[in-house]
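For reference, the structure discussed in these notes is given below.
Whatever order the structure lists ligands and atoms in, that order sets their numbers, starting from 1. No hydrogens, no waters, no symmetry mates; every other heavy atom, side chains included, goes into these values.
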Amino acid sequence: MKLHSLTAHQILDLYKTQKASPQEVLKDVLSRIGLIDSRVHAYARLSSQNDLTQGVCAIPIAIKDNMCTKDEEITCSSRILKGFRPPYDAAVVERIKQNAGMIVGFANMDEFAFGSSTETSCYGATYNPWDLSRVPGGSSGGSAAAVVADETLWALGSDTGGSIRQPASFCGIVGLKPTYGRVSRYGLIAFASSLDQIGPLTKDVRDCAMLMNIIAGYDERDSTSVNEPVPDYTKALVHDVRGIKIGVVKEAFVEGLDAQVRTAVEGAIDQLKKLGATVKEISLPHAPYAVATYYIVATAEASSNLARFDGVRYGLRQSPANMRKNGLMDMYEETRAKGFGDEAKRRIMLGTYVLSSGYYDAYYLRGQKVRTLIKQDLDEAFKECDVILTPTAPTTAFKVGEKISDPLSMYLSDIYTITANLAGIPAISIPCGFSKQGLPVGLQLMARAFDEEMLLRVSYTYEQNTEWHLKKPSL
Ligand code: GLN
């Protein structure tokens with residue numbers, strides 16, 4: 001039996017009846033990686049401790065290369081962090097080690113999570129397992145590709161503007177961005193602190209609920225973590241959507257949406273209606289401003305968060321032997337010039353600009369006000385519906401190289417996902433079809449803050465009535 005091709009809940013059933021052991025599963029997953037990762041390149045590096053299998057449920061998991069893991073090299077796929085070994089575990093890593101056991105490796109990502117294609121990694125691109133000439137999405141593209149290519153059973157990603165959901169959509173798997181504050185970000189290397197959230201990428205909705213049970217919960221070391229009771233998310237896997245009110249965002253179905261994505265998403269809407277949900281069209285009038293708002297708020301926070309990478313405390317230091325006359329300043333400059341890639345430099349410059357005196361009010365402050373308007377639109381919408389539905393991304397996976405030199409078109413990849421980050425609400429992407437070229441399409445559902453259970457319930461019901469999640473790429 002190919003253990004790597006099963007879901008985590010199937011593997012746990014095998015453990016219960018002693019038909020498989022964690023050692024066998026790990027061995028199988030590692031041999032799968034050995035066989036195909038030279039073509040997919042989902043991993044930045046494998047864990048140095050792959051003999052560890054003492055976890056309670058012992059499921060192999062890939063961790064995005066931006067979550068601190070004690071004594072492992074963690075780099076955010078950036079040259080500037082090469083050689084950095086965190087002296088502690090991120091809260092989620094701690095929880096994984098206590099509960100799930102086996103960290104297989106660290107998934108490739110866009111440098112510092114800036115991107116939608118996993119092409120800006122200092123290790124080179126990750127390729128989409130459905131079509132190796134295409135991107136897997138990003139920035140958690142390595143995590144998504146590893147899951148769909150059966151190079152892990154579970155993965156963790158981070159999502160600042162869509163980085164869990166958009167790659168889940170491009171790779172045909174489930175990706176959940178939890179409510180801001182639901183999962184501790186202690187030990188997550190920060191991109192934009194008011195938007196970042198960690199979440200699961202999995203093969204199906206049940207696995208997503210199980211992984212949420214492990215990672216969700218209060219942590220006093222993250223001041224934005226919220227002390228709300230954590231439900232058993234597997235109890236939300238109720239096969240029934242009768243009476244659930246779904247709002248379909250009219251602004252999402254306009255120019256720019258690929259015709260095949262539209263057809264697949266409309267098919268899903270029909271299916272949900274047949275299953276008894278009430279569907280109505282809603283408007284989020286400020287949604288068209290989400291991308292612009294995001295690129296002000298997110299770059300401002302990124303420029304500030306990345307100031308700490310100066311050659312003194314972490315990773316790369318450019319040799320003081322080359323120093324010109326300014327001493328320390330030369331070292332900072334050289335290190336940052338050599339250490340950061342183009343997109344990181346672009347974001348630092350944009351962010352520094354919108355925060356600078358004279359422009360702060362015109363850009364940053366105004367951006368924050370529009371953010372409030374976007375959140376208010378959602379509050380209004382949730383007065384009349386339980387779930388808000390859009391496509392996850394406007395297109396299916398694009399070609400490697402297609403958008404890398406056109407940042408604006410790359411930024412538009414997140415046109416539907418950014419809203420949930422700006423408002424702090426949970427959102428999920430689930431598979432809802434394939435294009436004629438055989439590329440997966442994702443459906444996005446958003447819910448009220450801390451109502452991940454609603455997302456899981458609707459997703460589960462839809463999934464149980466479709467077969468998209470059972471399809472596998474042939475590699
Ligand atoms: N693609 C978006 C960006 O480039 C979102 C990235 C993310 O969620 N980390 O910023």
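Distances shorter than 4.0 angstrom occur between a heavy atom of R347 and an atom of ligand 1. The shortest separation from a heavy atom of Y411 to ligand 1 is not under 4.0 Å, leaving the residue out of contact. In this structure, G162 has a heavy atom closer than 4.0 Å to ligand 1.
Numbered from 1 in the order shown, with element, the atoms of ligand 1 that lie under 4.0 Å from a heavy atom of S139 read 9 (N). Listed by number with element, the atoms of ligand 1 under 4.0 Å from a non-hydrogen atom of Y295 are 2 (C), 3 (C), 4 (O), 10 (O). Residue contact check: F191 has heavy atoms under 4.0 Å from atoms 9 (N), 10 (O) of ligand 1.
Checked by distance only, ligand 1 and Y294 come closer than 3.5 Å through their nitrogen or oxygen atoms. Considering backbone and side-chain atoms alike, G138 places every N or O at 3.5 Å or more from each N or O of ligand 1. For ligand 1, the polar-atom distance check against A113 finds a nitrogen or oxygen pair separated by under 3.5 Å.
At least one donor-acceptor pair under 3.5 Å links the side chain of S163 to the backbone N or O of S139. Not a single donor-acceptor pair under 3.5 Å links the side chain of Y43 to the backbone N or O of G142.
Judged by distance alone, the side chains of K64 and S140 do bring a donor and an acceptor atom under 3.5 Å apart.
Closest to atom 2 (C) of ligand 1, if we only count protein heavy atoms, is D414 OD2, 3.1 Å. Looking at atom 7 (C) of ligand 1, its nearest protein heavy atom turns out to be S163 OG, 2.4 Å.
Aromatic pair Y294/Y411: ring centres not closer than 6.0 Å.
Between R221 and E94 there is a salt bridge, since at least one side-chain N of the basic residue sits less than 4.0 Å from a carboxylate O of the acidic one.
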Take R45 and D65, measure what salt bridge (charged side-chain N to carboxylate O under 4.0 Å, His left out) needs, and give me the verdict at the end. CA-CA 9 Å; R45 79 198 67 79; D65 189 23; 3.0 Å; yes
Take D150 and K472 through the test salt bridge (charged side-chain N to carboxylate O under 4.0 Å, His left out) and record every step on the way to the result. CA-CA 9 Å; D150 294 329; K472 298 259 184 190; 2.8 Å; yes
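Heavy atoms of other residues, nucleotides or ligands lying less than 6.0 angstrom from NZ of K369 number 12 at most.
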